[in-house]
Structure formats: C-alpha cells, structure tokens
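Right, one structure below, let's go through it.
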Amino acid sequence: MAVPLLDLKRQYATIKNRMDAAVMKVLDHGLFILGPEVAELEGKIAVLSGARYGIGVASGTDALLLALRTVGVGAGDEVIVPDYSFISTTTVVSRLGAKPVFVDIEADTYNLDPNIIEAAITPKTRAIMPVHLFGQTADMNPILAVAKKHGLAVIEDAAQAIGAGYKDKKAGAIGDLGCFSFYPSKNLGGIGDGGMVIVSREEYRDMMKMLRVHGWTRKYDPDVVGYNSRLATIQAAALCVKLDYLAGWSEARRVHAAKYDAAFAATNIRIPVAKDYAYHIYNQYTIAVENREELMAALKEKNIGYDIYYPIPFHQLKCYADMGYQAGDFPASERASTSVVSIPVFPELTEAEQDEVIAVVKAVSA
Ligand SMILES: Cc1ncc(COP(=O)(O)O)c(C=O)c1O
C-alpha cells in the first residue's frame with residue numbers, strides 16, 4: 001500500500017466548502033493586500049499563542065528576517081542559532097550582514113542545547129534564535145536566563161510549532177518575538193507561502209508593521225529601508241478557516257505519534273523524545289536509525305513517503321565553507337543528519353496506512 005508523507009488533497013476534501021467560500025469571498029471583495037482577513041488572522045493567532053499582536057508577512061523566512069531587523073540585528077552582529085534546522089534559520093542572519101554562530105543541539109530533542117550557549121556569546125552577540133524543531137519547543141527557560149544575563153533578544157523560530165506548548169506558555173510567545181511559517185506542510189498550512197510574527201511589545205509591533213510595507217508608515221516616505229513582505233489576504237482567508245481545525249489536527253498527529261512510540265519501543269529505532277515541559281505537535285515524526293540507507297530503500301520500494309530533515313548541518317553547508325568549520329565540530333548535529341528519517345504522521349493518515357509504515361520500518365530497522 002502506498003502511503004504519502006503528507007496528503008493535502010485529503011485535508012482539503014474535509015473542509016472544501018468552507019475553504020472555497022472563504023477564497024471566493026476575497027475574490028468578491030477584492031481587498032487583496034492587507035484585507036480584513038489578515039487582521040482577523042493576526043488577532044486570532046495572537047490570542048491562540050498568548051501574545052498581544054500578530055503581524056502577517058510573506059513567509060516564515062521573512063518572519064525571521066524582519067524579526068531580526070526589529071531587534072536591530074545588522075552588519076557585524078552575531079546571532080546564536082542551532083547548527084541543525086531548516087536553512088532559513090541561518091541564512092536570514094547572513095542576509096543582514098550578521099554572522100550566524102552555530103551551537104550544537106541536544107541529541108535527544110534535536111533542539112538548541114541551552115547548556116552550551118553561553119560559551120558562544122561574544123561582545124558582538126545580539127540575539128539567540130532557538131528553533132522548535134519538528135513541533136517541540138526548545139527548553140526555553142534556561143535559554144531566556146542566558147539571554148537575560150547578557151542582554152540578548154530571543155527570537156523563536158516557531159515555524160514548525162504553531163500551537164505547541166512549553167510549560168504554561170505557547171510557542172512563539174515565550175521569547176521577545178515568535179515566528180511562524182504557513183508553508184503548506186506546516187500544521188497550519190496555507191495555499192501558498194505565508195508567515196507571521198507575534199510580539200507583545202508595541203514598539204516591536206510598530207517596527208514589524210513598518211518593515212513589511214517598505215519601511216514606511218506614510219506612503220512613499222520610508223523611515224527605514226523596508227521590504228515588501230505582506231501576508232496575502234487570500235492566504236489569511238484560507239488560514240482563518242483552517243485555524244478552526246488546528247487543535248484537532250495536532251491532536252490527531254499526537255495520537256499517531258503515540259502509536260508509533262509504542263510500536264517502536266524496545267527496538268533499535270530511536271523515537272522522538274517528548275519532554276515533560278512540552279506539548280509536542282509533531283509537525284514531523286522523526287525517528288533515528290543506524291541503517292538509514294537500507295530503511296530509505298525499503299520505504300521507497302514500498303512507496304511509503306519519507307524525508308530527511310535535515311541532511312546537512314549548517315556548519316557543513318557549502319555556502320558556509322569559508323567559515324572554517326570542520327567535520328566533528330558539532331557531534332550531535334552531525335549524528336542527527338546521518339541518522340534521522342521523518343515518516344508519515346499527517347492527521348488523516350489511516351490506521352491501515354500507519355500499520356503498513358510500522359511494519360516496513362520494523363522489518364528493516366528494529
Ligand atoms: C524551522 C523553520 N524555519 C524557517 C522556515 C521557513 O519558512 P518558509 O518556508 O515559510 O519561508 C521553515 C519552513 O520551511 C522551518 O521549518
């Protein structure tokens with residue numbers, strides 16, 4: 001039985017009437033740029049996350065870029081990022097002329113290791129950007145403590161973690177600014193690119209709003225050099241509909257994850273470690289195995305969708321070859337990059353499909 005890694009058509013079929021109506025409504029009212037649905041979504045996501053304001057932008061990548069600008073990161077500054085994430089986490093820092101400073105991850109959660117951040121801080125450090133990878137927040141309290149001690153901003157890359165929890169808080173509203181992506185494969189995915197930043201400080205909200213519209217508050221008269229980075233109204237309309245289902249979809253992912261956890265317990269397959277502090281929303285269910293090549297071959301042969309998030313740690317990216325890092329510099333990140341495989345965990349995955357995935361994975365890697 002073929003099993004996709006993600007099937008957005010299946011999801012659409014369950015909400016088609018509402019989605020079509022929401023999109024048609026935008027076509028009818030014609031307010032395609034910063035129309036009413038954008039403000040509606042911004043308000044709803046701020047409330048859901050426990051922040052005061054949401055600012056819709058064109059993508060998760062832009063959310064990170066504009067958030068860095070908002071806290072004043074620029075040429076010559078340093079920003080601490082985990083060595084292991086989607087590439088935007090680091091390239092946004094480089095695009096501002098700042099230097100990403102890589103820190104190794106925890107071997108079990110794949111998130112930034114709070115215990116080794118302090119050693120990477122220099123007088124040039126301006127911010128720390130933890131990533132809530134795969135839908136589980138980083139261990140934020142010790143990260144916030146280090147940031148406070150050194151006067152650093154904390155920008156959460158919550159691209160994969162909308163609705164995830166950390167103790168009594170929600171992803172994105174723990175640090176100074178939180179960044180979401182609405183890339184279609186996210187738990188809350190748009191019908192194209194989109195992103196949002198959530199903040200509670202008014203000055204950050206105002207700066208974000210300015211940056212996304214060319215850096216101006218008054219037309220054609222920018223205060224700062226800005227961007228064209230707005231969340232399209234049509235995306236916001238679709239996302240407002242989907243938001244009603246987000247909690248249920250994330251719960252369904254957690255149910256699938258629990259079934260995988262039980263099936264792979266007491267085998268050589270390393271299951272994702274869900275920490276007590278976290279409400280994990282499993283944007284990905286990522287296992288680690290010693291024989292990844294063999295497992296990938298078997299999954300491919302059986303037409304089971306999988307992907308490798310991520311195959312190259314930041315310090316080994318070609319675009320950073322001139323930074324002078326060596327193999328072995330970030331052991332946990334390197335180990336993850338050679339052993340992880342993400343398998344289907346989307347909400348609509350059927351029991352029979354999941355049984356098939358379990359059988360194939362266990363036959364090869366248990
Ligand atoms: C951890 C992380 N950061 C940043 C991004 C960038 O988001 P986008 O693709 O919306 O630009 C993504 C998603 O692709 C991501 O997973």
Side-chain angles (χ1 to χ4, degrees), residues 5-6 8 41 45 54-69 79-96 100 102-103 105-106 109-112 127-138 140 143 154-164 171-172 174-175 177-198 208 211-212 227-232 235-236 238-239 242 250 253 272 278 280-286 307-314 317 333 336-337 340 342 345-346:
L5 181 60
L6 174 69
L8 292 173
L41 185 73
I45 288 185
I55 305 98
V57 293
S59 67
T61 303
D62 275 8
L64 297 172
L65 184 75
L66 273 62
L68 287 168
R69 275 287 302 277
V79 177
I80 290 174
V81 298
D83 186 55
Y84 190 72
S85 176
F86 181 66
I87 49 150
S88 292
T89 307
T90 179
T91 53
V92 288
V93 177
S94 307
R95 284 169 62 187
L96 293 173
F102 307 134
V103 165
I105 54 170
E106 297 174 326
T109 65
Y110 309 112
N111 280 326
L112 188 60
I128 306 174
M129 199 149 74
V131 179
H132 306 322
L133 206 66
F134 305 143
Q136 173 164 248
T137 60
M140 290 299 290
I143 295 173
V154 176
I155 295 170
E156 297 172 63
D157 181 342
Q160 301 181 3
I162 191 163
I174 311 164
L177 298 97
C179 303
F180 298 123
S181 162
F182 303 129
Y183 186 80
S185 65
K186 302 300 194 253
N187 286 30
L188 181 65
I191 50 174
D193 278 310
M196 189 170 290
V197 175
I198 56 169
M208 277 294 311
L211 285 173
R212 76 172 167 182
Y227 307 84
N228 174 356
S229 183
R230 296 163 297 221
L231 177 64
Q235 295 302 335
L239 290 161
K242 285 191 162 195
S250 292
R253 287 171 180 270
H280 196 326
I281 56 144
Y282 294 96
N283 178 244
Q284 299 297 338
Y285 187 90
T286 303
D307 213 335
I308 307 302
Y309 304 115
Y310 295 92
I312 311 174
F314 288 166
L317 291 172
S333 166
S337 71
V340 295
S342 296
V345 72
F346 61 100

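Note that ligands are numbered from 1 as they come in the structure, with each ligand's atoms numbered from 1 the same way.
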Item checked: Shortest protein heavy-atom distance from atom 6 (C) of ligand 1, along with the residue and atom involved -> Thr61 OG1, 3.4 Å
Next item on the list: Considering only non-hydrogen protein atoms, determine which one is nearest to atom 13 (C) of ligand 1 and report residue, atom name and distance to 0.1 Å.
Entry: Lys186 NZ, 2.7 Å
Next item on the list: Give the residue and atom name of whichever protein heavy atom lies nearest to atom 16 (O) of ligand 1, and the separation in Å to one decimal.
Entry: Gln160 NE2, 2.8 Å
Item checked: Between Asp193 and Ser59, a side-chain donor and acceptor under 3.5 Å -> no
Next item on the list: Please report which non-hydrogen protein atom sits nearest to atom 5 (C) of ligand 1, along with the residue it belongs to and the distance in Å to one decimal place.
Entry: Phe86 CD2, 3.5 Å
Item checked: Sidechain-backbone polar pair: Gln235 side chain, Gly190 backbone, donor-acceptor under 3.5 Å -> no
Checklist line | Heavy-atom check, side chain of Leu188 versus side chain of Met196, under 4.5 Å | finding: no
Note to self: With a cutoff of 4.0 Å, is Ser85 in contact with ligand 1, counting heavy atoms of the residue only?
What the structure shows: yes
Notebook entry, point to check: Just distances here: any N/O of Asp193 and N/O of ligand 1 closer than 3.5 Å?
Noted result: no
Notebook entry, point to check: Got the closest protein heavy atom to atom 3 (N) of ligand 1, with its distance?
Noted result: Asp157 OD2, 2.7 Å
Note to self: Heavy-atom pairs closer than 4.0 Å: do any link ligand 1 to the side chain of Val131, the backbone, both, or neither?
What the structure shows: side chain
Checklist line | Gly60-ligand 1 polar pair, N/O distance under 3.5 Å | finding: yes
Notebook entry, point to check: Can you find an N or O of Ser181 that's nearer than 3.5 Å to an N or O of ligand 1?
Noted result: yes
